[in-house]
Amino acid sequence: MKMLEHYLYKYFSYTTFKEKQQEIIEEVMTKRNVFAMLATGSGKSLCYQLPALINEGLTIVISPLLALMENQVQELKQKGIKRTAAYNSFLSFKEKKYILSNLSSYKILYISPESIQQHDVLYQLAKQNISLFAVDEAHCISQWGHEFRTDYLKLSNIRDVLGAPPCLALTASAAPEVQNDILQQLQLKDPVIFCDSIDRRNISIEVVPASNEEEKKKVLIDFLNVLPMPGMVYVSSRKKAEKLSIMIKEETALTAFSYHGGMTQEDRNLIQQQFLEGETNVICCTNAFGMGINKPDIRFVLHYNYPKDLESYIQEIGRAGRDGFPSTAILLRSNEDKIFPRRLIENEFPAENQINEASIEIEKNAQQKCSEQFLMERCGFEETHARFFTHYWNEWHNHSHKLNEVKEYILKIIDKRKGWKFTKLKQMEEWIWNDDTCRRKRLLEYFGEKQLTKPEQCCGICGADPLKKERHIKKPSKNMTWKDRLASLFHQCS
DNA sequence: CGCATCGCTCCTAAGAGCGATGCGGTGCTTTAGT
């Protein structure tokens, strides 16, 4: 298709497509539904941007973060593509109104799953000719949709209201069952599926045992003293992020900052910017940091605490070495860590007694629908729990099932979801604590891939990593500290 | 579960010591209006 290349040059001044881009775009142009799992940096956004500009009508892009939308719009505008906008709460009433009453003059509209549900918005959009319904970072559907941001589960209904335009779902990591979940939630009929390998061959993979928190701190500092910079340290809580960044500043010569969702937007922007510009060596963060971060030269990603599933893990380590140069993923494991992720999962769901209480309260008030506000004010629900409960309550009622069984339905959902989440956590932990098989191989297997050839610097089990090789081949003398061992090794290698 | 924090106790005071309590991650949205 010479035509595509013509438009590629016209709008983006590129002369050639990256791998798979062209095939995906061709399928999108034929109005097929497409699911594409592409490594970060492989030009996912172009897959909807180019068709959006060529086709008649409006392309809607569902995006999980306001910052992502803003970046994308800005980038497009810099390329001279002006007929694009992000519709979200950053806008004033006037701006929102302007966009809604001029929808036909836009080619691409970025919007969150929450905003698109708003009555006005949906009403106006439904009157448009929607050429494509794109879902960016589609793993959010599976990762966030069921509990945290249930509006993600409503996307297939939204798409129906919009006249069922063709859909393109894009993500960087989804194991087969997550993929199925996404396809099912979006109700994609007969989709074309593209999958890149998730293998990042320039990233070597390490798991380092530590018997307790004290030892982990020590190992962390030892690593930081020898690892090339910059890098990221993932932790599980906000407080830990702050404490570790202070510790690193005190005990090393490095600059370190923390980053988490509890900080103001200004602080987050500032710290992110400093890191992107190379002014910070180490960033200690929760899982708030990452999506949309495109820093090419991150040399290591160190997990001080491990995430709840291998999808998150692969996403997080994938932030290292985007420039293709050798990089390292290190995970510090300690038995003490096992409690925290379990607590997090439990905490995602309202407690059974709350559910009982809420059901009684709602019936007492003879309400057909329950509202989040009611649950928070009358039943003491947290916001996310209230939204979770409301979503499934309404879902049940919309399908006009027996009213008295809604409580059992919600309890069943919770049971099922906890089961799913604990299974994923178990798979993560099995991967961490299995010291027999190549870590890369097991990771690939989880994502339904077969390992073809191993990179030279594969993983700690394969003994390919210089850090690991030293530890395994030469049994270190007892008096030697981690620091000495690593330092001597690095001097040897360089 | 494990840790940090809170408030109580002691009673000359301040601050140490105690048990009880609660917190722990991810983000969107949100009024009025020519």
Side-chain angles (χ1 to χ4, degrees), chain A residues 62-70 86-98 100-101 110-122 136-137 139-155 158 212-214 216-217 234-244 258-265 268-269 284-293 303-309 311-313 315-316 334-349 351 371-373 376-377 380 382-388 390-391 421 424-425:
Chain A
I62 304 294
S63 174
L65 302 181
L66 303 182
L68 278 186
M69 301 182 202
E70 298 294 325
Y87 185 94
N88 57 40
S89 57
F90 284 168
L91 302 179
S92 66
F93 178 81
K94 253 186 179 167
E95 292 168 315
K96 285 184 189 169
K97 204 173 165 190
Y98 178 83
L100 287 189
S101 43
Y110 287 88
I111 192 162
S112 69
E114 287 83 3
S115 282
I116 202 171
Q117 326 268 336
Q118 289 168 21
H119 184 263
D120 282 8
V121 177
L122 199 52
D136 200 11
E137 308 286 0
H139 60 279
C140 293
I141 294 174
S142 184
Q143 198 174 299
W144 283 351
H146 299 275
E147 293 86 20
F148 182 50
R149 289 175 71 180
T150 49
D151 287 317
Y152 258 110
L153 297 190
K154 296 170 185 150
L155 290 179
I158 297 288
N212 53 40
E213 184 73 17
E214 268 320 293
K216 263 182 15 180
K217 281 186 187 156
Y234 272 108
V235 296
S236 54
S237 78
R238 297 170 175 185
K239 260 185 203 155
K240 186 80 83 33
E242 289 177 3
K243 285 190 172 163
L244 278 192
S258 57
Y259 181 104
H260 56 71
M263 294 163 40
T264 64
Q265 199 57 53
R268 287 174 68 161
N269 288 342
C284 292
C285 57
T286 61
N287 55 352
F289 191 74
M291 236 196 290
I293 300 296
H303 280 88
Y304 193 86
N305 301 109
Y306 58 86
K308 293 199 307 282
D309 48 62
E311 273 86 3
S312 308
Y313 179 70
Q315 285 249 356
E316 288 166 5
S334 148
N335 284 324
E336 289 179 356
D337 298 339
K338 289 186 179 171
I339 302 133
F340 193 82
R342 284 170 174 73
R343 296 290 305 168
L344 279 188
I345 292 174
E346 291 288 349
N347 200 248
E348 283 185 83
F349 304 92
S371 77
E372 290 169 29
Q373 208 183 354
M376 289 193 284
E377 283 170 9
E382 283 173 27
E383 188 203 349
T384 44
H385 291 167
R387 201 173 36 242
F388 173 89
T390 311
H391 172 80
K421 296 211 149 189
K424 297 221 145 249
L425 175 60

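Below, chain A is the first sequence line, B the second, and so on; all start at residue 1.
- For A:Phe349, the ring-ring contact (aromatic ring centres under 6.0 Å, His included) partners are A:Phe388, not counting sequence neighbours.
- Applying the 4.0 Å criterion to OP1 and OP2 of B:dC3, one finds that A:Lys240 has every side-chain N and O outside that range.
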So which protein nitrogen or oxygen atoms get under 3.5 Å of nucleotides 28-31 of chain B's nitrogens or oxygens?
residue, atom, partner, partner atom, Å
B:dC28, OP1, A:Leu66, N, 2.6
B:dC28, O3', A:Ser112, OG, 3.2
B:dT29, OP1, A:Ser112, OG, 3.4
B:dT29, OP1, A:Ser115, OG, 2.5
B:dT29, OP2, A:Ser89, N, 3.4
B:dT29, OP2, A:Ser89, OG, 2.5
B:dT29, O3', A:Gln118, NE2, 3.3
B:dT30, OP1, A:Gln118, NE2, 3.1
B:dT30, OP2, A:Lys96, NZ, 3.4

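- Every residue meeting the side-chain hydrogen bond (donor to acceptor under 3.5 Å, both in side chains) condition with A:Lys154, not counting sequence neighbours, appears here in chain and number order: A:Asp151.
- The distance from atom CD of A:Glu70 to atom C1' of B:dG27 is 15 Å, rounded to the nearest whole Å.
- For B:dA16, the base adopts the anti conformation, since its glycosidic angle falls more than 90 degrees from zero.
- Counting only heavy atoms from C-beta on, A:Ile339 has its side chain closest to B:dC1 among B:dG25, B:dG27, B:dC1.
- Proximity of A:Asn305 to A:Lys216: side-chain heavy atoms (C-beta onward) are separated by under 4.5 Å at one or more points.
- When every heavy atom of A:Met69 is checked against every heavy atom of A:Ala86, the shortest pair comes out as CB-CB, 3.9 Å.
- A distance of about 16 Å separates the P atoms of B:dG25 and B:dC3, rounded to the whole Å.
- For A:Arg342 and B:dG24, the shortest distance from a side-chain N or O to OP1 or OP2 is not below 4.0 Å.
- The two residues A:Thr286 and A:Gly261 have their closest heavy-atom pair at OG1-N, 4.2 Å.
- Stacking here means ring centres nearer than 5.5 Å and ring planes tilted less than 30 degrees, and by that measure A:Phe148 stacks onto B:dT26.
- By the 5.5 Å and 30° criteria, A:Phe93 is stacked with the base of B:dG33.
- When each of A:Lys243 and A:Asn347 is assigned the nucleotide of DNA chain B with its nearest heavy atom, A:Lys243 is the one assigned upstream, toward the 5' end.
- Annotation: B:dC28 and B:dG33 have their P atoms spaced 27 Å apart (nearest Å).
- Nucleotide B:dG24 holds its C1' atom 13 Å from the CD1 atom of A:Ile345, rounded to whole Å.
- Rounded to whole angstrom, the span from the NE2 atom of A:His385 across to the C1' atom of B:dG24 amounts to 12 Å.
- OP1 or OP2 of B:dC23 has not a single side-chain nitrogen or oxygen of A:Ser237 nearer than 4.0 Å.
- On the P atoms, B:dT26 is 22 Å away from B:dT30, given to the nearest whole Å.
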(message) For Watson-Crick and G-U wobble pairs within 3.5 Å on both distances, what is DNA chain B written in dot-bracket notation, | included for inter-strand pairing?
(response) ((((((((((....))))))))))..........
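- A gap of 22 Å separates the P atoms of B:dG7 and B:dC11, to the nearest Å.
- Legend: residues meeting side-chain hydrogen bond (donor to acceptor under 3.5 Å, both in side chains) with A:Tyr313, ordered by chain and number and at least two apart, are absent.
- Comparing B:dT26, B:dG24, B:dT34 by their nearest atom to the side chain of A:Lys94 picks out B:dT34.
- Across all strands, A:Ser236 comes closer than 4.0 Å only to sugar-phosphate atoms, never to a base (heavy-atom distances).
- For A:Glu70 and A:Asn88, the side-chain atoms include at least one donor-acceptor pair closer than 3.5 Å.
- Only the C1' atoms considered, B:dA16 is 16 Å distant from B:dT12, to the nearest whole Å.
- Taking side-chain N and O atoms only, A:Arg268 has a distance below 4.0 Å to OP1 or OP2 of B:dG27.
- Rounded to an integer number of Å, the gap from A:Asn305 CG to B:dT26 P is 13 Å.
- When the C1' atom of B:dA4 is taken as reference, atom CZ of A:Phe340 falls 14 Å away, rounded to whole Å.
- Judged purely by distance below 3.5 Å, without hydrogens or angles, the side chains of A:His146 and A:Glu348 never pair a donor atom with an acceptor atom.
- Atom P of nucleotide B:dG25 and atom OH of A:Tyr259 are separated by 15 Å, given to the nearest angstrom.
- We find that CZ of A:Arg238 is positioned 17 Å from C1' of B:dC3, with the value rounded to whole Å.
- Spacing between atom CZ of A:Phe289 and atom P of B:dG27 amounts to 12 Å, rounded to whole angstrom units.
- Relative to the side chain of A:Lys97, the nucleotides B:dT26, B:dG24, B:dT34 differ in distance, and B:dT34 lies closest.
- Between the side chains of A:Glu311 and A:His139, no donor-acceptor pair of N or O atoms lies under 3.5 Å.
- Taking A:Arg342 as the reference, A:Glu429 meet the side-chain hydrogen bond (donor to acceptor under 3.5 Å, both in side chains) condition, with sequence neighbours excluded.
- Taking every heavy atom of both residues into account, A:Gly292 and A:Leu68 meet most closely at CA-CD2, 3.4 Å.
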